Student: 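Would you mind keeping the following structure in view while I ask a few things?
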Amino acid sequence: MNEKLTKRLNSFPKDYELSKETKIKIESALHEEMIRREEQKKWMNFQSVLKKCMVPISSLTVIAIVILLFISSEDINLFQTPNQSDEMTSVMGEQKLADDYEKMEELSMIWAHALKTRDGKPRYEIMSEQAKEKFIQGQIIRSGENWNYIIGESSPWVVDFEIEIDGMNAVITYETQTSEPAFYQTRETLTFIQEKGNIIVNDYQIVFENQPLTEQKEK
Amino acid sequence: MAVEERITEWFHEYSNDLLNYLIYYTGRVDVEDLVQEVFIKAFRRFHTFNELSNPKTWLFSIARNIAIDAMRRQKKERNKQQKLMDFHQPAFNQSPEDIYRLNETNKEIYRKIQTLKQNYRDVLILKGIKEFSNKDTAAILHWSETKVSVTFNRALKALEKRIGGLYNE
């Protein structure tokens, strides 16, 4: 009985076929899949090579960037911290103050030396407009409208001077003498200002003039 | 021979065989997409193919899995649309019985096979209708040959019971 049924099952038709169009369609889909797979494989190989090269390439890139940074600017400090940056600003400020101090000292020297040589021209050249006006007025009082640059007196004459800088001011103490010989002191103050990046004398005042040295010491 | 060439060769050799198997197994006629899926899957999983085994049984094994998945999907879809179907007449679909022009007896036998449990359907279609040997059927179903033989006999008895003496006509 089973044999009969088996034979009956065996006799079932199995001759249905794919149409030509369907075959072509499936083949084309299969072909596309093969191409896609091939491209995927190539991409994966490329990625694998890339992965292997990644570490050396990144290391080289980092090294190159660091070298470039060092070459392009010597001022760049890669290990600079914000505090260090503040320090740098502070150092730069201190440097400027030192430069200003030196400049004021230099101007005071010119100022004092001018009295020693009795030539007011170097003083005039380091004055602000306001100070120049004061100088001119002083010289007019001294020698009339046809004023000149001669300053100071023939006696007592300046033999030495000391300069003290305090902020934007300078105190100049002159030691003067006469032919007796008698020794005196004269003191004046200078006030400086910054103008267009330069330091110049804006004002000057006599504190005391030709005080005998002994009297000065008593004071 | 390259994988691509082998798959193409197998396609020409076995596509119609697979088509007939899938029609009987799923009870559907529009299984061309499943045939395509079989070969694409075979291409993708070629590295799992054992060179010593028969490519035909390997392809049928893939086809069976694809058919089971498709039937599962179809069943889910059918359940989803069941309520909507109250207002729609089902579209006319050709059945395997139509395309093979089965006589009334074979139609009935085939319908009864479709009502049997999966194990029985597997062996009846592979060994009965497709005429695979015990060895090939075992390879496709990943069973032992003994299991194929025993299950086939039981399946025949179950079928016989359902159809009565119909096949004697």
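The shown structure was predicted, so the numbers you read here are calculated from the model rather than taken from an experiment. So that the names make sense, note that chain A is the first sequence line, chain B the second, and so on, each numbered from 1.
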Student: Decide whether Tyr184(A) and Glu209(A) meet the rule of one side-chain donor and one side-chain acceptor closer than 3.5 Å.
Tutor: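 Glu209(A) and Tyr184(A) do not have a side-chain donor-acceptor pair below 3.5 Å.
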
Student: With a 4.5 angstrom heavy-atom cut-off, which part of Phe39(B) approaches chain A: side chain, backbone, both or neither?
Tutor: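 Contact with chain A is through both the backbone and side chain of Phe39(B).
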
Student: At a heavy-atom distance under 4.5 Å, which candidate from Glu17(A), Glu27(A), Lys14(A), Lys7(A) has the highest pair count against chain B?
Tutor: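 Of the candidates given, the most pairs with chain B belong to Lys14(A).
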
Student: Let me know if Arg44(B) has heavy atoms under 4.5 Å from chain A in its side chain, its backbone, both or neither.
Tutor: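 Contact with chain A involves both backbone and side-chain atoms of Arg44(B).
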
Student: Do we see a donor-acceptor contact under 3.5 Å between the side chains of Glu133(A) and Gln137(A)?
Tutor: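 Judged by distance alone, the side chains do pair up.
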
Student: Side chain, backbone, both or neither: which part of Phe43(B) has a non-hydrogen atom closer than 4.5 Å to chain A?
Tutor: side chain

Student: Using non-hydrogen atoms and a 4.5 Å limit, figure out which bit of Leu102(B) sits close to chain A: side chain, backbone, both or neither.
Tutor: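 Answer is side chain: those atoms of Leu102(B) sit under 4.5 Å from chain A.
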
Student: Go through the atoms of Phe152(B) and report whether side chain, backbone, both or neither lie under 4.5 Å from a heavy atom of chain A.
Tutor: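 Just its side chain gets close to chain A.
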
Student: Could you check whether Arg121(B) makes a cation-pi contact with Tyr25(B), meaning its NZ or CZ is under 6.0 Å from the centre of the six-membered ring and within 45° of the ring axis?
Tutor: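 Yes, a cation-pi geometry holds between Arg121(B) and Tyr25(B).
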
Student: Between the side chains of Glu195(A) and Asn202(A), does any donor sit under 3.5 Å from an acceptor?
Tutor: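 Their side chains do not contain a donor-acceptor pair, so the 3.5 Å distance test is not met.
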
Student: Does any backbone or side-chain atom of Ile23(B) lie under 4.5 Å from a heavy atom of chain A? Answer side chain, backbone, both or neither.
Tutor: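 Just the side chain, heavy atoms under 4.5 Å.
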
Student: Kindly confirm or rule out a cation-pi arrangement of Lys56(B) over Tyr14(B), judged by NZ or CZ under 6.0 Å from the six-membered ring centre and within 45° of its axis?
Tutor: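 Not flagged: Lys56(B) not positioned over aromatic ring of Tyr14(B).
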
Student: Over 60° means perpendicular and under 30° means parallel, so classify the ring planes of Phe132(B) and Phe60(B), tilted if in between.
Tutor: perpendicular

Student: Using heavy-atom distances under 4.5 Å, tell me whether Leu156(B) contacts chain A through its side chain, its backbone, both, or neither.
Tutor: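 Both parts, backbone and side chain.
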
Student: Is Lys127(B) in contact with chain A via its backbone, its side chain, both, or neither, using a 4.5 Å heavy-atom distance?
Tutor: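 Backbone of Lys127(B) only, per the 4.5 Å heavy-atom cut-off to chain A.
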
Student: Which heavy atom in Ser108(A) sits nearest to a heavy atom in Ile172(A), and how many Å separate them?
Tutor: O-CD1, 3.8 Å

Student: In terms of heavy-atom pairs under 4.5 Å with chain A, which of Thr8(B), Asn153(B), Val35(B), Asn106(B) leads?
Tutor: Asn106(B)

